[in-house]
There are 2 protein chains.
Amino acid sequence: MVVDNLSSTFAALSDPTRRSIVDRLTRGPATVNELAAPFSISQQAISKHLAYLANAHLIERQRDGRQNFCALNPGAIREVAEWADGYRRFWEKSFQRLDVLLEEMKTRKQRKRTKKERHR
Amino acid sequence: MVVDNLSSTFAALSDPTRRSIVDRLTRGPATVNELAAPFSISQQAISKHLAYLANAHLIERQRDGRQNFCALNPGAIREVAEWADGYRRFWEKSFQRLDVLLEEMKTRKQRKRTKKERHR
DNA sequence: ATTATCCACAACCATATGGTTGTGGATAAT
DNA sequence: ATTATCCACAACCATATGGTTGTGGATAAT
């Protein structure tokens with residue numbers, strides 16, 4: 001089990017079934033059975049997925065009798081958004097940046113070639 | 001190996017070593033050795049991490065002689081940002097939404113209790 | 001020509017993941 | 001009181017992950 005906060009969040013989101021569940025929960029809370037209904041896998045498998053989501057704090061659970069309600073915790077997704085947004089400047093205004101970088105690589109190579117003082 | 005695009009991206013980002021490498025690459029491209037230097041794990045382990053990152057299109061590689069340069073592909077992170085941003089309205093303007101949802105759950109339970117026509 | 005360096009491939013290991021079936025405790029319905 | 005339903009726990013399995021050591025092909029340095 002991953003302990004790091006962001007790591008467990010990303011891990012939880014790396015499965016399409018779990019992302020689908022997250023998406024379903026944007027339409028309001030649901031019981032385990034309701035969440036399992038659209039899928040062809042077993043209820044137990046869904047319970048496992050929910051455990052991962054809860055572990056990453058992507059959902060909150062509230063038991064009531066036999067039923068176990070799940071609700072989205074958007075705060076966890078917000079953290080993902082904020083992490084990704086930290087890289088915004090790298091995709092903005094330079095869609096061709098990759099080419100630029102490759103050029104930079106070649107420049108570096110040439111620098112290395114002309115540099116004869118390899119005295120480290 | 002995961003095939004789904006977003007799934008492999010999230011999986012690649014679920015490891016702190018790989019996120020650290022991604023972060024390093026914001027300061028420009030680097031060789032495998034340079035990327036491996038800050039870590040205490042083996043060069044081979046880093047090569048594996050780089051393979052996952054490349055597989056998820058988070059980095060691009062450019063071989064030159066013995067060296068293998070890696071450069072960040074911000075487009076992949078942008079996709080993550082866009083995915084997360086789709087949930088923006090769920091965390092904006094209602095930090096107490098979770099409480100609201102739990103209330104909603106209880107309401108639903110009561111509705112169920114008063115509903116006597118269980119004729120499905 | 002010889003030696004050193006960069007890097008990935010292979011084989012291996014322990015643990016995690018994503019699924020299964022079997023089961024049973026609580027609770028709700030009859 | 002009996003039966004049905006909701007859900008999770010356990011044990012199991014195949015595969016993926018994150019690491020290791022051993023190695024060797026290319027290339028660069030001497």
Side-chain angles (χ1 to χ4, degrees), chain A residues 1-4 7-8 10-21 29-37 39-56 59 61-70 105 108-120, chain B residues 1-4 7-8 10-21 29-37 39-56 59 61-70 105 108-120:
Chain A
M1 193 194 315
V2 203
V3 278
D4 177 15
S7 290
S8 61
F10 278 127
L13 293 173
S14 73
D15 183 89
T17 301
R18 288 196 289 263
R19 285 201 306 282
S20 178
I21 289 173
T31 67
V32 174
N33 258 359
E34 287 167 349
L35 292 174
F39 301 99
S40 57
I41 62 180
S42 67
Q43 165 261 311
Q44 293 93 321
I46 297 292
S47 281
K48 273 193 180 183
H49 282 305
L50 295 175
Y52 292 132
L53 288 171
N55 210 279
I59 66 173
R61 319 194 67 170
Q62 177 88 355
R63 180 144 217 167
D64 175 63
R66 295 183 295 183
Q67 314 205 91
N68 205 339
F69 286 85
C70 302
M105 286 182 196
R108 253 185 68 186
K109 282 183 268 171
Q110 294 189 343
R111 253 194 298 133
K112 220 169 209 166
R113 272 194 202 101
T114 45
K115 235 191 224 170
K116 286 302 182 188
E117 359 76 297
R118 297 268 303 137
H119 52 56
R120 85 179 317 269
Chain B
M1 195 195 313
V2 203
V3 280
D4 177 16
S7 289
S8 61
F10 278 126
L13 294 174
S14 74
D15 183 271
T17 301
R18 289 195 290 263
R19 286 201 307 282
S20 178
I21 289 173
T31 67
V32 174
N33 257 0
E34 287 167 350
L35 292 174
F39 301 100
S40 57
I41 62 179
S42 67
Q43 166 261 311
Q44 293 94 323
I46 297 292
S47 281
K48 273 194 182 182
H49 282 305
L50 294 175
Y52 292 131
L53 288 171
N55 210 279
I59 66 173
R61 318 192 68 171
Q62 176 88 355
R63 180 143 217 167
D64 175 63
R66 292 183 298 183
Q67 314 204 92
N68 206 338
F69 286 85
C70 302
M105 286 181 195
R108 253 185 68 187
K109 283 183 267 170
Q110 294 190 344
R111 254 193 296 131
K112 218 167 208 169
R113 271 194 203 102
T114 45
K115 236 192 224 168
K116 285 302 182 186
E117 357 78 299
R118 298 266 304 138
H119 53 55
R120 84 180 319 268

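Below, each value reflects all heavy atoms present in this structure, side chains not excepted, and no hydrogens, waters or symmetry copies. Order of the sequence lines sets the chain letters (A, B, ...), proteins ahead of strands, with each chain counted from 1.
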Please give the nucleotide sitting opposite [N] as a Watson-Crick or G-U wobble pair, both distances under 3.5 Å, or none.
{"N": "dT20(D)", "value": "dA11(C)"}
{"N": "dA1(D)", "value": "dT30(C)"}
{"N": "dC6(C)", "value": "dG25(D)"}

Gln67(A) side chain to Asp64(A) backbone, donor-acceptor under 3.5 Å = no
inquiry  = Would the distance check show the side chain of Arg18(B) and the main-chain N or O of Leu13(B) forming a donor-acceptor pair, the cut-off being under 3.5 Å?
reply    = no
Under 4.0 Å between a side-chain N/O of [X] and OP1 or OP2 of [N], yes or no?
{"X": "Arg61(B)", "N": "dA8(C)", "answer": "yes"}
{"X": "His49(B)", "N": "dT17(D)", "answer": "no"}
{"X": "Asn68(A)", "N": "dC6(D)", "answer": "no"}
{"X": "Asn33(B)", "N": "dT5(C)", "answer": "no"}
{"X": "Ser42(A)", "N": "dG19(C)", "answer": "no"}
{"X": "Arg66(B)", "N": "dA29(D)", "answer": "no"}

key: Closest-nucleotide 5' rank along DNA chain C - winner of Tyr52(A) and Gln43(B)   = Gln43(B)
Of all the nucleotides listed ([options]), which has the minimum atom distance to the side chain of [X]?
{"X": "Ile41(A)", "options": "dG18(D), dT20(C), dC7(C)", "result": "dT20(C)"}
{"X": "Gln67(A)", "options": "dT5(C), dC7(C), dC7(D)", "result": "dC7(D)"}
{"X": "Thr17(A)", "options": "dA8(C), dA26(D), dG19(C)", "result": "dG19(C)"}
{"X": "Lys48(A)", "options": "dC7(D), dG19(C), dG18(D)", "result": "dG19(C)"}

Expressed in angstrom and rounded to an integer, what is the separation of [X] atom [atom1] from [N] atom [atom2]?
{"X": "Arg18(B)", "N": "dT17(D)", "atom1": "CZ", "atom2": "C1'", "result": "8 Å"}
{"X": "Arg63(B)", "N": "dA26(D)", "atom1": "CZ", "atom2": "C1'", "result": "8 Å"}
{"X": "Leu50(A)", "N": "dT17(C)", "atom1": "CG", "atom2": "C1'", "result": "15 Å"}
{"X": "Phe39(B)", "N": "dG18(D)", "atom1": "CZ", "atom2": "C1'", "result": "14 Å"}
{"X": "Phe10(A)", "N": "dT17(D)", "atom1": "CZ", "atom2": "P", "result": "16 Å"}
{"X": "Ile46(B)", "N": "dT17(D)", "atom1": "CD1", "atom2": "P", "result": "17 Å"}
{"X": "Asp64(A)", "N": "dC7(D)", "atom1": "CG", "atom2": "P", "result": "10 Å"}
{"X": "Asp15(B)", "N": "dT15(C)", "atom1": "CG", "atom2": "P", "result": "17 Å"}

key: Nearest-0.5 Å distance that lies between atom CD in Glu34(B) and atom SG in Cys70(B)   = 9.5 Å
query = CD1/Ile46(B) to CG/Asn33(B) distance, rounded to the nearest 0.5 angstrom?
reply = 10.5 Å
inquiry  = Looking at the base of dG18(C), is there any donor atom on it, or on the side chain of Gln44(A), that sits under 3.5 Å from an acceptor on the other one?
reply    = no
